[in-house]
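One-based numbering along the sequence shown.
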Amino acid sequence: MSSVNIHIKVKDFKKSLTFYESLGFKKVNSYGPDHEVKERYNGAAFQLGETILEIADGHRGVKPEVFQESVTSSKISLFIGVDSISDMLAVCKKAGIEPIVGVRHYHWGKLEFVIRDPDGVIIVFFAPYTKEEAEKVNADESYSTVLST
């Protein structure tokens with residue numbers, strides 16, 4: 001095996017595209033009725049290091065009703081590494097995206113917080129724990145204090 005890529009089936013493509021772009025995801029290609037690459041449905045792929053995250057409101061091999069479903073559990077989540085938790089929190093704040101779980105410090109040396117995308121997909125952002133990073137988060141009164149587990 002050489003890679004894992006992620007494909008999220010979305011209800012509202014424009015809303016999801018705006019959501020992921022507002023988080024800083026860099027689109028590397030797109031397709032749809034109004035794009036150079038023609039499809040009956042809309043899609044976009046984002047490059048995350050070696051991984052591709054793709055969103056689409058249709059797919060040739062998936063029943064249409066799947067795209068109208070919401071994710072209602074956190075059984076599967078995206079786990080995305082970032083350089084700075086405080087910087088990622090600032091990006092979320094600017095985009096109006098509130099964490100559903102505030103920043104936590106885990107004993108394995110990570111700071112993490114959790115958001116949910118428009119379809120209910122859980123996204124966990126994580127970065128290495130440093131005292132300086134924890135202090136930056138704690139200094140911003142709009143976020144809860146870093147909790148230890």
Side-chain angles (χ1 to χ4, degrees), residues 1-32 41-59 61-149:
M1 291 182 235
S2 63
S3 68
V4 172
N5 294 308
I6 302 154
H7 189 270
I8 300 174
K9 285 91 176 137
V10 301
K11 287 184 206 178
D12 183 331
F13 179 76
K14 288 181 182 178
K15 185 175 184 179
S16 291
L17 182 63
T18 298
F19 175 86
Y20 284 99
E21 287 181 331
S22 73
L23 290 173
F25 286 57
K26 302 296 182 214
K27 186 169 51 171
V28 292
N29 68 47
S30 60
Y31 49 87
Y41 48 86
N42 295 293
F46 305 95
Q47 186 80 44
L48 299 155
E50 302 274 328
T51 302
I52 297 289
L53 170 68
E54 186 174 350
I55 62 171
D57 61 7
H59 191 278
V62 179
K63 295 177 183 178
E65 56 269 19
V66 168
F67 295 87
Q68 296 310 308
E69 296 174 1
S70 293
V71 178
T72 58
S73 90
S74 57
K75 184 166 180 119
I76 295 177
S77 59
L78 303 180
F79 201 61
I80 300 173
V82 296
D83 293 330
S84 167
I85 284 293
S86 60
D87 289 351
M88 195 68 228
L89 282 167
V91 168
C92 288
K93 185 177 186 178
K94 182 178 178 184
I97 300 168
E98 289 290 323
I100 60 171
V101 176
V103 178
R104 298 186 65 95
H105 172 211
Y106 289 94
H107 67 275
W108 51 83
K110 299 284 186 218
L111 289 171
E112 299 178 6
F113 76 94
V114 181
I115 63 172
R116 192 179 298 269
D117 89 347
D119 288 278
V121 174
I122 298 293
I123 302 171
V124 180
F125 289 107
F126 72 93
Y129 173 86
T130 66
K131 183 178 178 184
E132 296 78 23
E133 190 70 5
E135 288 172 353
K136 282 183 192 176
V137 173
N138 287 336
D140 188 334
E141 294 179 5
S142 63
Y143 302 114
S144 59
T145 302
V146 173
L147 303 172
S148 292
T149 57

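Ring pair Tyr20/Phe46 is tilted by interplanar angle, where 30° to 60° counts as tilted.
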Show, in sequence, the C-alpha distance, side-chain angles and deciding distance for Ile122 and Ile100, and conclude whether the side chain to side chain contact (heavy atoms under 4.5 Å, CB included) test is met. CA-CA 9 Å; Ile122 298 293; Ile100 60 171; 3.7 Å; yes

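Proximity of Leu111 to Glu133: side-chain heavy atoms (C-beta onward) are separated by under 4.5 Å at one or more points. Side-chain contact between Leu89 and Phe113 is present, with heavy atoms from C-beta onward closer than 4.5 Å. Residues Lys9 and Val62 form a side-chain contact, since some pair of their non-hydrogen atoms from C-beta on lies under 4.5 Å apart. Counting only heavy atoms from C-beta outward, the side chains of Val4 and Thr51 never approach each other to under 4.5 Å. When side chains are defined from C-beta on, Leu23 counts as touching Met88, because their heavy atoms get closer than 4.5 Å. Between Phe126 and Lys110 there is a side-chain heavy-atom pair separated by less than 4.5 Å. Between Lys27 and Leu17 there is a side-chain heavy-atom pair separated by less than 4.5 Å. Val10 places none of its side-chain heavy atoms less than 4.5 Å from the side chain of Pro118.
Between atom CD1 of residue Ile6 and atom CG of residue Leu48 there is a gap of 7.0 Å, rounded to the nearest 0.5 Å. With values rounded to the nearest 0.5 angstrom, Lys93 atom NZ is found 11.5 Å from Ser86 atom OG. One distance of note links CG of Leu53 with CD of Gln47; it measures 10.5 Å at 0.5 Å rounding. Note that CZ of Phe19 and CD1 of Ile115 are 4.0 Å apart. Values are rounded to the nearest 0.5 Å. Atoms OG1 and CD1, from Thr130 and Ile85 in turn, are 10.5 Å apart once rounded to the nearest 0.5 Å. Within the model, atoms CG of Asp12 and CG of Asp57 stand 8.5 Å from one another, a figure rounded to the nearest 0.5 Å.
Under 3.5 Å, the side chains of Tyr31 and Glu54 contain a donor-acceptor pair of N or O atoms.
Residues satisfying the side-chain contact (heavy atoms from CB on, under 4.5 Å) test with Asp87, not counting sequence neighbours, are Ser84.
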Going by atom type alone, with no hydrogens or angles, which donor-acceptor pairs under 3.5 Å involve a side-chain atom of residues 63-80 and a protein atom two or more places apart or on another chain?
{"residue": "Ser70", "atom": "OG", "partner": "Lys11", "partner atom": "NZ", "Å": "2.6"}
{"residue": "Ser73", "atom": "OG", "partner": "Lys75", "partner atom": "N", "Å": "3.1"}

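The shortest heavy-atom contact between Asp119 and Ser16 is OD2-OG, 3.4 Å.
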